[in-house]
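Quantities reported herein were computed from a predicted structural model and do not represent experimental measurements. Residue numbering restarts at 1 for every chain, and letters A, B, ... go by the order of the sequence lines.
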Amino acid sequence: MLDGGASAASGLEKSLLDWYRRYQRPLPWRGEHDPYRILLAEVLLQQTRVAQAIPYYHRFLERFPTLEALGRAPLEEVLRVWQGCGYYTRARNLHRLARQTSALPPTYAGLRELPGLGPYTAAAVASIAFGEAVAAVDGNVRRVLSRLHAWEDPSPKRLQQSAQGLLEGALGYGSPGEWNQALMELGATVCTPRRPACSRCPLERFCRGKGQPERYPLPKSRRPKPIELTALILGGPMGVYLEPRSGGVLGGLWGVPMEEGPGGLERLLKRFGLEEARFVGRLRHDFTHRRLQVWVYQAPWARVEDPRRRPLSRLDQKILSLLDTA
DNA sequence: AACGCGGGGAG
DNA sequence: CTCCCAGCGTT
């Protein structure tokens, strides 16, 4: 590498890579070369914190060690391993991907065609698994770059261009995959959403936003919508009646019958030809954009099954657990 | 561009 | 309590 050449890493790029090599967290997928495992980690990490993803990473690989093993498995079994992790479209897409592909394409463009791989995940896998020089911009990178440039609300295009420029500046000193992960790691551990540790940041002297980090980027707030539900547990501790959920909400999983809004209990009773049901409790469950309040009732039923045999959402697990406490 | 989609942990 | 996370697909 020639000194001072355009291909040499500038101070910023070298500072971050030196920091990353010293302070990166030891994670299960660090140093991994198997593209399938790298893909799995990236999909699990979509909108999901590292600590939450790690147990699922291990148990998923234990059950589906290869892309072929995943493709051979029934979807319902894949969902059962994924249950409790949220965003179940990820599991459905991963299964669909495994069914249609025997080997992952080694380029960003090829990966981008696969179900469940958007701009971020395709770039992450292309760079980390295959060494392609494409910038991966996730929420961490968006925050780091917003602060670095003092941008309050940068467009995705602007962020991508900035990230790509930095990555290319870093090529002389580190690999694309290492650089992308370094930027994300900084956002996850130092340049955090609230109370960032600027004094420990290797980029502090390059950062235009360090004076007021909370301002870059500006937070976007959205109020969750309150929803009232009535749930009916048919059966008892030995077994319950479950039905498959269709549509976007918890689709592909199973759950107890539920109705939304006033008169929910009456509609449920009518649906199953019942006269009455016993009130067992009330619980709250929050999604990002919804605040659920669920009134739970119970009635005897003949056609029941073991709920452990079905993929259930956390919401349905909470509902059923009311039986144990009540 | 805006919205729906889970679940959990930090502060 | 609020915020938001190694985002994606649909409209």
Heavy atoms under 4.0 Å, any strand shown: does [X] hit a base, just sugar-phosphate, or nothing?
{"X": "A/L27", "value": "base"}
{"X": "A/R96", "value": "nothing"}
{"X": "A/W29", "value": "base"}
{"X": "A/E185", "value": "base"}
{"X": "A/G187", "value": "nothing"}
{"X": "A/R142", "value": "nothing"}
{"X": "A/S313", "value": "sugar-phosphate"}

Starting at [atom1] of [X] and ending at [atom2] of [N], how long is that distance when rounded to a whole Å?
{"X": "A/Y87", "N": "C/dA6", "atom1": "OH", "atom2": "C1'", "answer": "14 Å"}
{"X": "A/L186", "N": "C/dC5", "atom1": "CG", "atom2": "C1'", "answer": "16 Å"}
{"X": "A/D138", "N": "C/dC5", "atom1": "CG", "atom2": "C1'", "answer": "9 Å"}
{"X": "A/L44", "N": "C/dC5", "atom1": "CG", "atom2": "P", "answer": "17 Å"}
{"X": "A/D153", "N": "B/dA2", "atom1": "CG", "atom2": "C1'", "answer": "14 Å"}
{"X": "A/L45", "N": "C/dC8", "atom1": "CG", "atom2": "P", "answer": "12 Å"}
{"X": "A/W179", "N": "C/dA6", "atom1": "CH2", "atom2": "C1'", "answer": "16 Å"}
{"X": "A/R30", "N": "C/dA6", "atom1": "CZ", "atom2": "P", "answer": "12 Å"}

Sticking with atom [atom1], work out how far [N] lies from [M], rounded to a whole angstrom.
{"N": "B/dG11", "M": "C/dA6", "atom1": "P", "result": "13 Å"}
{"N": "C/dC3", "M": "B/dG6", "atom1": "C1'", "result": "15 Å"}
{"N": "B/dC5", "M": "C/dC4", "atom1": "C1'", "result": "14 Å"}

With respect to the side chain of [X], which nucleotide from [options] is positioned closest?
{"X": "A/N93", "options": "C/dG9, B/dG7, C/dA6", "value": "C/dG9"}
{"X": "A/R284", "options": "B/dG6, C/dC1, C/dA6", "value": "C/dC1"}
{"X": "A/P193", "options": "C/dA6, C/dT2, C/dC4", "value": "C/dC4"}

>> For DNA chain C, which residues of residues 47-68 of chain A approach it to below 4.0 angstrom with any heavy atom?
In response: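 The answer is A/Q47, A/R49.
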> For DNA chain C, which residues in residues 112-121 of chain A have a heavy atom at a distance below 4.0 Å?
Replying inline: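 By residue number: A/P115, A/G116, A/L117, A/G118, A/P119, A/Y120, A/T121.
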Salt bridge [X]-[Y], side-chain N to carboxylate O under 4.0 Å:
{"X": "A/E214", "Y": "A/R194", "value": "no"}
{"X": "A/D316", "Y": "A/R310", "value": "no"}
{"X": "A/R21", "Y": "A/E178", "value": "yes"}

> Which pairs count as ring-ring contact (aromatic ring centres under 6.0 Å, His included) when at least one residue sits in residues 45-74 of chain A, sequence neighbours excluded?
Replying inline: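 ring-ring contact (aromatic ring centres under 6.0 Å, His included) check on residues 45-74 of chain A returns A/W29-A/Y57, A/F60-A/F64, A/F60-A/W82.
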> If each of A/P156 and A/G86 is mapped to the nucleotide of DNA chain B with the nearest heavy atom, which maps nearer the 5' terminus, i.e. the 5' end?
Replying inline: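 Looking at DNA chain B, the more 5' nearest nucleotide goes with A/P156.
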> Are A/Y88 and B/dG7 close enough that a side-chain N or O sits under 4.0 Å from OP1 or OP2?
Replying inline: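 Yes.
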>> Can a donor-acceptor pair be found, under 3.5 Å and without considering hydrogens, that links the side chain of A/R282 to the backbone of A/V296?
In response: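 The answer is no, because no donor-acceptor pair under 3.5 Å joins these two groups.
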> Is any side-chain heavy atom of A/L39 less than 4.5 Å from a side-chain heavy atom of A/L94?
Replying inline: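 Sidechains of A/L94 and A/L39: in contact.
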> What pairs meet the salt bridge (Lys or Arg N to Asp or Glu O under 4.0 Å) rule with one or both residues in residues 255-269 of chain A, with sequence neighbours excluded?
Replying inline: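 Sorted result for residues 255-269 of chain A: A/E259-A/R267, A/E259-A/R271.
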> Would one find more than 12 heavy atoms of other residues, nucleotides or ligands at under 6.0 Å from atom CZ of A/R208?
Replying inline: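 Result for CZ/A/R208: open.
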> Taking everything shown except A/Y23 itself, do over 12 heavy atoms lie less than 6.0 Å from its OH?
Replying inline: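 No, OH of A/Y23 has 12 or fewer neighbouring heavy atoms, counting only those of other groups under 6.0 Å.
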>> Test: side-chain hydrogen bond (donor to acceptor under 3.5 Å, both in side chains). Region: residues 103-132 of chain A. Which pairs qualify, not counting sequence neighbours?
In response: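 Output for this query lists A/E42-A/Y120, A/Q46-A/T121, A/S127-A/N180.
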>> Working note: A/R80 + A/Q83, criterion side-chain hydrogen bond (donor to acceptor under 3.5 Å, both in side chains); need CA distance, chi angles, decisive distance, verdict.
In response: CA-CA 5 Å; A/R80 209 162 53 215; A/Q83 73 175 358; over 6 Å; no
>> Under 6.0 Å between ring centres: does that hold for A/F272 and A/W301?
In response: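 Judged by ring-centre distance (under 6.0 Å), A/F272 and A/W301 do meet the cut-off.
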> Is there a side-chain hydrogen bond (donor to acceptor under 3.5 Å, both in side chains) between A/Q298 and A/R278 once you walk through the steps?
Replying inline: CA-CA 5 Å; A/Q298 183 262 336; A/R278 178 176 69 95; 3.1 Å; yes
> Of all of residues 206-217 of chain A, which get a heavy atom below 4.0 angstrom from DNA chain B, listed by number?
Replying inline: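 Within this stretch, nothing sits under 4.0 Å of the strand.
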